[in-house]
Amino acid sequence: MTAENTTPAQAADDLPEQLRIRRDKRARIIDQGGEAYPVALPVTHTVAQVRAGYGHLEPGQETDDVAGVAGRVVFLRNTGKLCFVTLQDGEGNRLQAMLSQAVVGEDALAAFKADVDLGDHLFVHGRIGSSRRGELSVFADSWTLASKSLRPLPVLHKDLSEESRVRQRYVDLIARPAARDMVRLRANVVRSLRENFHRRDFVEIETPMLQTIASGAAARPFTTHMNAYDIELYLRIAPELFLKRAVVGGVERVFEINRNFRNEGADSTHSPEFAMLEAYEAYGDYNTIGALTQNLVQTAALDALGTTLVTLPDGTEYDLGGEWAQVVMYDSLSESLGEQITTETTVEELLGIGARLGLELEHKATNHGKLVETLWEHRVGDHLTAPTFVRDFPVETSPLVRAHRTVPGQVEKWDLYVRGFELATGYSELVDPVIQRDRLEAQALLAAAGDDEAMRLDEDFLVAMEYAMPPSGGMGMGLDRLLMALTGYGIRETILFPLVKPHA
RNA sequence: GCCUCGGUAGCUCAGCGGUUAGAGCUGCGGACUUUUAAUCCGUAGGUCCUGGGUUCGAAUCCCAGCCGGGGCACCA
């Protein structure tokens with residue numbers, strides 16, 4: 001044995017039996033002059049190509065077509081002088097190979113039995129045909145180990161525990177079809193969104209992740225430190241203020257698909273890092289950007305699922321298609337409460353309503369807007385399942401939105417609710433730099449008073465706005481949440497590698 | 001942050017004060033040339049999450065902590 005090929009004895013002693021045996025097999029294969037990890041293999045067909053080209057074969061029908069195919073071993077059946085092995089590709093396509101002693105020879109078959117385990121990558125070469133039982137197969141005339149797995153596969157007929165799924169997604173992807181599907185579904189959704197934007201002549205840009213002021217949303221940021229300049233930096237909580245700078249500079253139809261970071265709670269609808277789509281359209285408003293959002297979601301559903309009719313894991317269905325419902329926040333809240341709520345309703349009255357409903361609202365008592373939004377979420381938002389635009393928000397909670405064109409005290413903002421969670425939000429953007437400065441200064445006062453989620457004042461953003469931003473519609477949509485809406489899974493299932501606490 | 005349920009073999013789980021902690025799959029040895037989670041015979045594999053405590057005796061009961069699921073609170 002060479003030093004490179006030897007597992008240190010001390011480590012090997014601590015290893016569970018099944019891991020130790022596989023390490024020993026690897027070492028033995030290499031010692032005997034074989035390769036456990038060959039650099040290249042003469043692959044001529046993918047598993048999918050063989051299935052597509054020969055799926056029609058009758059049971060027992062053989063061809064003279066020869067293929068070299070590789071895949072991960074997911075089943076092994078040994079009937080003595082004939083072995084069956086099922087190879088799986090990354091998408092979950094499977095193809096059987098048959099190794100007969102009469103074809104590969106006694107030594108090659110014995111080596112196959114000794115060297116190949118479940119989970120290994122295997123290359124087989126041989127004629128394509130169908131077994132007597134009708135299983136499409138490669139009748140191997142030779143085989144080669146493509147990559148030796150040192151760890152056993154989990155049982156493939158039961159799902160991994162939820163913890164193992166996220167901690168070892170690579171295993172989850174091998175074992176669970178839904179995990180494989182989510183990766184492709186997410187990619188197809190993102191592609192659909194991008195292509196839709198490109199068809200509309202939107203320009204995709206990337207704005208800073210590291211920011212000296214984290215603003216553009218009401219959220220607590222992550223902090224970090226830059227050594228070269230010796231300054232504290234924030235991970236962005238939203239791209240909004242930079243996308244607006246771009247609009248000021250003339251990128252008048254602009255979008256970004258990228259990550260935001262918020263240092264807050266994590267649950268089935270919240271992840272500390274999450275993917276966000278934001279888009280701004282000059283000479284649009286919250287109506288045009290709402291229509292755009294509806295089309296983006298519906299087109300993504302059609303492109304990725306083939307339908308706007310979503311079937312959830314529990315079997316229930318709902319439709320993302322058609323014209324989405326619209327409700328006005330104050331009207332729907334008034335209707336739900338059976339009493340009129342307006343921008344004139346006082347904080348004391350709202351607290352009284354909350355108390356009658358048994359809600360703890362004292363920590364929200366800083367202003368009218370927060371109370372109205374909280375009451376609305378409890379009474380209306382949590383129960384909205386069909387996609388619904390909720391329109392016209394209180395001004396206090398929306399410092400970046402322009403005043404409603406006819407209703408005093410409200411702003412032209414909608415939230416898009418689907419299945420009880422907020423999927424997207426859209427504005428008629430506030431472009432008056434004087435009002436914008438007033439709004440952010442008011443937020444700064446809240447921050448100074450201890451509200452650590454008040455929006456920060458970004459002076460350079462205000463200077464940019466003073467160069468005049470055209471009237472615009474803007475929207476932001478949680479990409480992970482779009483996947484949730486399309487699949488019914490929790491946010492951590494939509495993220496390939498979600499943050500997981502390390503074991504102690 | 002609070003409440004609640006869970007953490008046992010490589011994987012999925014049972015056992016919930018009383019012999020030496022079990023099952024299925026997996027592994028290892030053997031039989032078998034058409035299997036589909038092959039079958040059959042034999043066999044190995046465990047800091048029972050961690051640390052304290054109670055007890056003649058703890059995987060099991062109590063306390064503290066770590067990690068995870070669900071719910072509440074906060075947030076998108």
Side-chain angles (χ1 to χ4, degrees), chain A residues 14-22 24-25 59-60 74-86 94-104 106 109 113-114 117-119 129-137 139 149-168 171-172 174-175 216-220 237-238 260-276 359-364 370 373-374 377-378 381 415-417 421-425 452-453 476-482 484 490-492 500-504:
Chain A
D14 294 341
L15 240 35
E17 181 190 38
Q18 297 198 33
L19 275 61
R20 200 190 66 239
I21 287 167
R22 283 164 179 260
D24 291 346
K25 283 188 185 181
V74 290
F75 295 116
L76 270 173
R77 295 173 290 276
N78 170 8
T79 67
K81 295 185 178 62
L82 177 66
C83 290
F84 300 86
V85 57
T86 302
R94 289 175 176 176
L95 179 65
Q96 176 171 276
M98 295 164 63
L99 292 93
S100 167
Q101 181 175 293
V103 181
V104 299
E106 194 169 347
L109 190 67
K113 292 178 191 173
D117 289 310
L118 289 174
S130 178
S131 76
R132 281 182 211 162
R133 299 288 171 87
E135 186 70 35
L136 184 62
S137 305
F139 299 102
S149 173
L150 296 186
R151 289 176 184 267
L153 239 37
V155 292
L156 294 179
H157 2 284
K158 287 194 171 162
D159 281 348
L160 277 179
S161 65
E162 285 188 72
E163 186 169 0
S164 298
R165 286 188 205 175
V166 290
R167 284 194 189 277
Q168 295 187 284
V171 179
D172 190 31
I174 296 166
R220 276 174 296 190
I237 56 175
N260 288 343
F261 306 87
R262 297 190 185 176
N263 205 343
E264 291 167 349
D267 60 30
S268 64
T269 59
H270 297 85
S271 172
E273 59 175 315
F274 62 102
M276 186 87 175
L359 298 173
E360 280 288 334
L361 295 179
E362 296 308 319
H363 56 285
K364 300 266 193 185
K370 277 196 182 184
E373 279 193 32
T374 304
E377 281 164 20
H378 275 97
D415 269 3
L416 172 61
Y417 271 72
F421 62 82
E422 187 189 333
L423 174 60
T425 187
D452 55 11
E453 282 172 3
M477 178 160 60
L479 193 58
D480 319 285
R481 290 191 163 189
L482 177 55
M484 291 164 60
I491 198 166
R492 278 156 61 96
V500 204
K501 271 198 196 179
H503 278 128

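Remember, predicted model here, so these are calculated numbers, not experimental data. Just so we're on the same page: letters track the sequence lines, and every chain starts at 1. Because only heavy atoms are used, hydrogens play no part in the values below, and waters and symmetry mates are left out as well, while side chains stay in.
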Distance, rounded to the nearest Å, where A/His157 contributes NE2 and B/rC13 contributes C1': 13 Å
Touch class at under 4.0 angstrom, heavy-atom based, for A/Arg151 against every strand present: nothing
Footprint string (nucleotides 40-47 of chain B, 5' to 3'): B base within contact, S backbone only, - free, heavy atoms under 4.0 Å: ----BS--
Contacts of type salt bridge (Lys or Arg N to Asp or Glu O under 4.0 Å), residue A/Asp172, not counting sequence neighbours: A/Arg169, A/Arg176
Of all pairs that satisfy salt bridge (Lys or Arg N to Asp or Glu O under 4.0 Å), the ones with a partner from residues 263-273 of chain A, not counting sequence neighbours: A/Arg259-A/Glu273
Sugar-phosphate only, base, or nothing, as touched by A/Asn78 at under 4.0 Å among non-hydrogen atoms: base
Nearest-Å distance for atom pair CD/C1', residues A/Glu162 and B/rU12: 14 Å
Sugar-phosphate, base or nothing in reach of A/Phe274, heavy atoms under 4.0 Å: base
Side chain to side chain contact (heavy atoms under 4.5 Å, CB included) against A/Lys113, all qualifying residues, sequence neighbours excluded: A/Asn78, A/Cys83, A/Leu109
Touch class at under 4.0 angstrom, heavy-atom based, for A/Lys113 against every strand present: nothing
Sugar-phosphate only, base, or nothing, as touched by A/Arg262 at under 4.0 Å among non-hydrogen atoms: base
Nearest-Å distance once atom P is located in both B/rG53 and B/rC16: 26 Å
Non-hydrogen side-chain atoms of A/Leu19 and A/Leu150 separated by less than 4.5 Å: no
Euclidean distance, atom CG of residue A/Leu99 to atom P of B/rC32 [Å, nearest integer]: 18 Å
A/Lys501 side chain near B/rC67 phosphate (N/O to OP1/OP2, under 4.0 Å): yes
Sugar-phosphate, base or nothing in reach of A/Ser164, heavy atoms under 4.0 Å: sugar-phosphate
Rounded distance (Å) that lies between atom C1' of B/rA9 and atom CG of A/Leu153: 17 Å
Pairwise P distance, B/rG65 and B/rC28 [rounded to whole Å]: 44 Å
Sugar-phosphate only, base, or nothing, as touched by A/Met276 at under 4.0 Å among non-hydrogen atoms: nothing
Pairing residues for A/Gln96 by the side-chain hydrogen bond (donor to acceptor under 3.5 Å, both in side chains) criterion, not counting sequence neighbours: A/Arg77, A/Ser137
Gap between atoms CG and P, on A/Leu76 and B/rU26 respectively (whole Å): 10 Å
Protein N or O to nucleotides 1-4 of chain B N or O, pairs below 3.5 Å:
none

Spacing between A/Leu156 atom CG and B/rG10 atom P, to the nearest angstrom: 17 Å
Rounded interatomic separation in angstrom, taking CD1 from A/Ile237 and P from B/rA76: 10 Å
Touch class at under 4.0 angstrom, heavy-atom based, for A/Glu422 against every strand present: sugar-phosphate
With A/Arg22 via side-chain hydrogen bond (donor to acceptor under 3.5 Å, both in side chains) - residues at least two apart: none
Qualifying residues under side-chain hydrogen bond (donor to acceptor under 3.5 Å, both in side chains), relative to A/Asp117, sequence neighbours excluded: A/Lys25, A/Lys148
Pairing residues for A/Glu17 by the side-chain hydrogen bond (donor to acceptor under 3.5 Å, both in side chains) criterion, not counting sequence neighbours: none
Atom pair distance, as rounded to whole Å: CD1 in A/Ile174 and P in B/rU26: 17 Å
Any N/O donor-acceptor pair, A/Thr79 side-chain to B/rU34 base, under 3.5 Å: no
